[in-house]
Engineer: 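Take a look at this one; I'll ask things after.
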2 protein chains.
Amino acid sequence: MSTQAPAPSRREQILKEAARLFAERGFHGVGVDEIGAAVGISGPGLYRHFPGKEAMLAELLVGISGRLLTGGKRRAAEGEGAGRTPAEVLDSLIEGHIDFALDDRPLIILHDRELDRLRDTDRKLVRSLQRQYVELWVEVVRKVYPRLAEAEARACVHAVFGLLNSTPHLGRPGALPGRAATAALLHRLAMGAFDGAHGADGAASEPKGRAAVDEESARGS
Amino acid sequence: MSTQAPAPSRREQILKEAARLFAERGFHGVGVDEIGAAVGISGPGLYRHFPGKEAMLAELLVGISGRLLTGGKRRAAEGEGAGRTPAEVLDSLIEGHIDFALDDRPLIILHDRELDRLRDTDRKLVRSLQRQYVELWVEVVRKVYPRLAEAEARACVHAVFGLLNSTPHLGRPGALPGRAATAALLHRLAMGAFDGAHGADGAASEPKGRAAVDEESARGS
DNA sequence: GGGAGTAGTTAACGTTCACTAACGGTACCG
DNA sequence: CGGTACCGTTAGTGAACGTTAACTACTCCC
């Protein structure tokens with residue numbers, strides 16, 4: 001309805017279009033003229049809003065990293081506050097990440113693709129935020145799957161991020177039924193991945209039945 | 001000259017270094033002078049071996065896509081020939097992909113990151129190879145997990161690729177015990193993901209009909 | 001009405017980049 | 001020795017890019 005679109009203030013407009021273009025063609029593949037054209041102004045008019053091209057990328061990356069971390073922290077804290085089990089907290093983290101991946105595709109792409117185009121200062125900040133986010137997940141994952149060593153858990157988290165961030169690769173049109181179905185599918189995939197990493201025998205905490213697919217066990221490597 | 005193997009023929013040397021540099025800093029972020037310097041010659045000397053910078057990227061991407069597809073086809077054919085179960089074939093596909101991801105990191109990065117920097121002809125070729133590879137997986141996956149609809153299976157395959165291709169994000173040093181352990185872990189993660197996708201109840205999302213529930217949250221597109 | 005601030009324009013500058021031109025050395029081969 | 005193909009060099013070219021400069025129009029506010 002009359003959702004108050006609160007004045008998409010040129011700045012945000014620019015950031016949004018820049019994100020889309022950067023994601024499509026890469027940071028170095030997009031000129032400032034194109035970004036300007038995408039918002040109706042042309043070329044150097046952008047410099048009224050940003051000190052430079054890189055500042056746009058920096059703000060985008062810091063923004064997404066910060067929001068991911070903030071959201072993750074909030075969900076973890078909610079879990080501690082209420083009587084949630086670690087498994088439920090992990091569930092919530094997965095859900096939050098999926099929301100990001102589905103709603104902010106361009107940012108998710110940039111987030112792990114164009115980080116190295118930042119200057120030292122910005123890059124270190126973004127990396128720090130990313131690391132904190134990863135460690136947040138690792139902590140929760142290790143509570144749910146205590147048999148995972150820390151390094152293993154971290155690798156699993158990175159892998160699941162790769163899985164969840166694969167949304168951009170799903171074809172644009174009607175490849176999947178819809179948003180909700182896609183989210184549910186990703187959720188199941190992520191949970192399954194963690195379960196699989198933990199090993200075939202006694203995973204205690206999660207009630208998900210093991211839908212038996214006959215596999216001849218561990219000829220793993 | 002009976003020794004066939006050790007001929008790192010300048011050309012291959014160039015391709016290898018170009019792959020590394022493209023993966024590190026992006027196609028547009030690397031200059032031809034740097035590529036030349038990386039192999040000991042400088043700048044335009046490269047044009048004795050390649051008609052242009054983009055030709056190097058094209059050869060790299062066609063190469064990796066082709067090798068992935070060839071390897072996948074070989075494994076699938078071996079499965080058909082022998083009495084292998086679909087689950088065993090899928091196992092083999094996963095193993096093959098992991099080998100690629102672990103042994104040719106730069107190429108795996110380029111493979112899904114710099115595709116759009118190619119000219120139409122090359123890009124279509126690479127996309128065709130990639131699509132065939134995906135469809136190969138989808139076929140096998142649907143045999144192992146028959147309850148997955150085709151679109152779902154395809155999404156799962158893409159997601160698992162994202163998972164397996166996450167290796168570049170695993171920290172460089174001794175983050176994981178070793179190659180074998182990493183491969184085994186990735187294998188378990190991938191299998192678990194498929195299991196998880198299949199295992200959930202079909203209550204929510206099995207029909208192909210336009211379930212109206214999806215688009216609820218799409219306000220403000 | 002007259003600053004002041006904001007948001008935009010076009011023109012130009014300096015650099016970087018992919019690529020070409022012209023040239024030289026070296027190995028093989030008659 | 002002369003010829004040829006290969007592999008490399010340095011110098012240069014035209015285009016594109018990020019950024020700055022100089023200038024214009026509009027709005028707000030006393």
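Since this is a predicted model, take the numbers as computed values, not measurements.
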Engineer: In chain order, what residues pass the salt bridge (charged side-chain N to carboxylate O under 4.0 Å, His left out) check against B/R117, with sequence neighbours excluded?
Structural biologist: B/E114
Engineer: Applying ring pair (Phe, Tyr, Trp, His ring centres under 6.0 Å), which residue pairs with at least one partner in residues 16-36 of chain A are found, sequence neighbours left out?
Structural biologist: A/F22-A/F27
Engineer: Going by atom type alone, with no hydrogens or angles, which donor-acceptor pairs under 3.5 Å involve a side-chain atom of residues 133-140 of chain A and a protein atom two or more places apart or on another chain?
Structural biologist:
unit_1: A/Y133; atom_1: OH; unit_2: A/H97; atom_2: ND1; d: 2.8
unit_1: A/Y133; atom_1: OH; unit_2: A/W137; atom_2: NE1; d: 3.2
unit_1: A/E135; atom_1: OE1; unit_2: A/R154; atom_2: NH1; d: 2.9
unit_1: A/E135; atom_1: OE2; unit_2: A/R154; atom_2: NH1; d: 2.8

Engineer: Could you check how far CD1 of B/I14 sits from P of C/dA18, rounded to whole Å?
Structural biologist: 15 Å
Engineer: Using whole Å, what does the distance between atom P of nucleotide C/dC17 and atom CZ of B/F22 come to?
Structural biologist: 13 Å
Engineer: For the pair made of CZ in A/F50 and P in C/dG8, what is the distance, rounded to whole Å?
Structural biologist: 12 Å
Engineer: Report, as a single string ordered 5' to 3', how protein heavy atoms within less than 4.0 Å touch nucleotides 3-21 of chain D: B base, S sugar-phosphate only, - not at all.
Structural biologist: ----BBBBB------SBB-
Engineer: What residues form a side-chain hydrogen bond (donor to acceptor under 3.5 Å, both in side chains) with A/S42, not counting sequence neighbours?
Structural biologist: none
Engineer: Taking salt bridge (Lys or Arg N to Asp or Glu O under 4.0 Å) as the cut-off, I'd like each qualifying pair that reaches into residues 37-56 of chain A, sequence neighbours left out, listed once.
Structural biologist: A/E54-A/R119
